[in-house]
Trainee: 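Below is a structure I'd like to ask you about.
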Amino acid sequence: MSGLLPGFADPVLDAQSAFRAVLEAMSRPGRIQRIPRAPSPPRPLCPAAGAVLLTLVDSGTPLFIDAGPDALEWVRFHAGCPVVADPAGAEFVLTAGRPPGLLSLRAGSDEEPQGSATLILQVQGLEEGAGWRLTGPGIEREHRLRVTGPPEDFVAEWRANAARFPRGVDVILCTGEQVAALPRSLRIEEG
Amino acid sequence: MSAEGYNFAYLDEGTKRMIRRALLKAVAVPGHQVPFGSREMPLPYGWGTGGIQVTASVVGPEDVLKVIDQGADDTTNAVSIRRFFARVAPGLRTTERTAEATIIQTRHRIPETPLREGQVMVYQVPQPEPLYRLEPRRAETKRLHALADYGLMQVKLYEDIARHGRVGSSYDHPVMVGGRYLMAPSPIPSFDNPKMHMSPALQLFGAGRERRLYAVPPYTEVRSLDFDDHPFEPLRAKGHCALCGADHTYLDEMVTDDRGGRLFVCSDTDYCGERQAERAA
């Protein structure tokens, strides 16, 4: 190991601006937000995924991460989070390859739906105005979002995830320095 | 004057992360109350500690903050919270103009000036549980929310009609969010309830003493609870503002002497001031 890459240049203000981007993304599903001043995490993590991790994960949140030893060491050092071996026990989930199925992750209970997992999903590209048709809270009429490289059968899986509302997994899509979010209240149809 | 030795926006980073995680879950389940570890703040409970903690977790140096108390920018609560953030959040600008603000922390009003995308409303909430007066057991209300069983509240509204002839709460009138969760709109006047429906702004709610927060994303359906044959009607004093002449705003009644003299003025001081300036020009 040649050396650990740094986290946020300014841990306080950079985390604040990253959180605002994620909050805006979660509030307006399908709108792409740019994270200013994102860190440069080790590959295969993209800057946006690194920023989301450092903004939200800490000693109180079990993380499942399957993205190689460099990423593991980086997030452990900077976030100090417990790392779990089973995605079903994690509050945040990030994988470099195919992610575990949405229905296998923590979904919360009807009384406490906030106990659900958040999946941080790295994709190859995000583009507004084409692709999936999104409707639901946060969207005035309809947003379009094209996701390059989503997991196979994601839309069908999402339908099952959204059908158990208020239980369900929330997804944060990351590519480069961009994020978009899919809260469980969202309906997705293939465009 | 800025306060030395404090983290940006007063709260430590661990607390902010905890509140930020709770806020994201609250946005994903509109209207659902999410518990959070409310901290002791340098203001007592009842002075907006929930709202302050939400604002502190969201705010950054590029923001422009407006704080209102019952619509007014110049009352004790609003002034002290605005000064608090000016001291602990270096770089933050404060304003009294609704149109300029990116974050509006409010106690019990929604501004008259229409909100826009990019703005965040932060409500100070004394009692987040809309069913509290009907069912004080928290374990029971959690179950009722889980089952979306809001019959108790329908009965209460029915009894209001039977007694008063109308669906009758003038403030804190319960709303259904996204057709799923019954939510306390914080004690805003029922006049303001319709402004929550499909608002372009993100609305966040913080209850410090009760340790719960919740959210309404932008463009989300917010319906005031009512009956088909007794539709919800927002209440408003019948009169004009004595200062700007407005007949469409929420009015405060002022007693002017001890012989029954009284007049009405806009509760929203910024909106009223703008209208007065327009009339003078």
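Chain A is the first sequence line, chain B the second, and so forth, proteins listed ahead of strands; every chain is numbered from 1. Remember, predicted model here, so these are calculated numbers, not experimental data.
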Trainee: Determine the option with the most heavy-atom pairs under 4.5 angstrom with chain B, choosing from A/Ala181, A/Pro113, A/Gly136, A/Pro29.
Mentor: A/Pro113
Trainee: Is it the backbone or the side chain of B/Asp63 that comes under 4.5 Å from a heavy atom of chain A, or both, or neither?
Mentor: side chain
Trainee: Please look at A/Leu56 and chain B and tell me whether the side chain, the backbone, both or neither of the residue comes under 4.5 angstrom of a heavy atom of that chain.
Mentor: both
Trainee: Applying the side-chain contact (heavy atoms from CB on, under 4.5 Å) criterion to A/Thr61, which one of B/Met18, B/Arg17, B/Arg21 satisfies it?
Mentor: B/Arg21
Trainee: Sort out for me which of B/Ser57, B/Pro35, B/Ala26, B/Gly14 touches chain A most, counting heavy-atom pairs under 4.5 Å.
Mentor: B/Pro35
Trainee: Taking side chain to side chain contact (heavy atoms under 4.5 Å, CB included) as the definition, give me every residue that meets it alongside A/Ala67, ordered by chain and number, with sequence neighbours left out.
Mentor: A/Pro44, A/Leu45, A/Ile65, A/Ala71, A/Leu94, A/Ala96
Trainee: Measuring from B/Leu24:CG to A/Asp170:CG, what's the distance to the nearest 0.5 Å?
Mentor: 8.5 Å
Trainee: So which part of A/Val22 gets closer than 4.5 Å to some heavy atom of chain B, the side chain, the backbone, both or neither?
Mentor: both
Trainee: Heavy-atom distance under 4.5 Å to chain A: side chain of B/Val177, backbone, both or neither?
Mentor: neither
Trainee: Enter the distance from B/His32:NE2 to A/Asp110:CG here, rounded to the nearest 0.5 Å.
Mentor: 10.0 Å
Trainee: With a 4.5 angstrom heavy-atom cut-off, could you sort out which part of A/Ala15 is near chain B: side chain, backbone, both or neither?
Mentor: both
Trainee: Chain A: which of B/Val58, B/Leu144, B/Leu147, B/Val34 shares the most heavy-atom pairs with it under 4.5 Å?
Mentor: B/Val58
Trainee: Counting only non-hydrogen atoms closer than 4.5 Å, does A/Pro11 touch chain B with its backbone (N, CA, C, O), its side chain (CB onward), both, or neither?
Mentor: backbone
Trainee: Less than 4.5 Å to any heavy atom of chain A: does that hold for the side chain of B/Arg180, its backbone, both, or neither?
Mentor: side chain
Trainee: Verify whether one side chain among B/His145 and A/Glu111 offers a donor that lies under 3.5 Å from an acceptor in the other.
Mentor: no
Trainee: Nearest heavy-atom pair of B/Ala28 and A/Phe165: which atoms, and what distance?
Mentor: O-CE1, 3.7 Å
Trainee: Between B/Val29 and A/Gln114, does the side chain to side chain contact (heavy atoms under 4.5 Å, CB included) criterion hold? Intermediate values first, please.
Mentor: CA-CA 8 Å; B/Val29 191; A/Gln114 71 273 13; over 6 Å; no
Trainee: Check for a donor-acceptor pair, side chain of A/Gln16 on one end and backbone N or O of B/Val59 on the other, with a separation under 3.5 Å.
Mentor: yes
Trainee: Do you know which of A/Arg28, A/Glu24, A/Arg184, A/Arg141 has the most heavy-atom pairs under 4.5 Å to chain B?
Mentor: A/Arg28
Trainee: For chain A, which residues of residues 214-223 of chain B have at least one non-hydrogen atom nearer than 4.5 Å to it?
Mentor: B/Pro217, B/Pro218, B/Tyr219, B/Thr220
Trainee: Under the salt bridge (Lys or Arg N to Asp or Glu O under 4.0 Å) criterion, do A/Arg20 and B/Glu62 qualify, and how do the steps go?
Mentor: CA-CA 11 Å; A/Arg20 277 296 275 281; B/Glu62 297 92 22; over 6 Å; no
Trainee: Take atom CZ in A/Arg43; do more than 12 heavy atoms of anything else shown fall under 6.0 Å from it?
Mentor: no
Trainee: To the nearest 0.5 Å, what is the distance between NZ (B/Lys142) and OG (A/Ser109)?
Mentor: 7.5 Å
Trainee: Given heavy-atom pairs under 4.5 angstrom as the criterion, report whether the side chain, backbone, both or neither of A/Ser17 touches chain B.
Mentor: neither
Trainee: Evaluate the side chain to side chain contact (heavy atoms under 4.5 Å, CB included) criterion for residues B/Lys25 and A/Thr118: first the C-alpha distance (whole Å), next the side-chain angles of each, then the deciding distance (0.1 Å), finally the verdict.
Mentor: CA-CA 9 Å; B/Lys25 291 298 174 190; A/Thr118 303; 2.9 Å; yes
Trainee: Considering only heavy atoms, which portion of A/Arg167 lies under 4.5 Å from any heavy atom of chain B: side chain, backbone, both, or neither?
Mentor: neither
Trainee: So how far is it from A/Ser27 OG to B/Leu23 CG, rounded to the nearest 0.5 Å?
Mentor: 9.5 Å
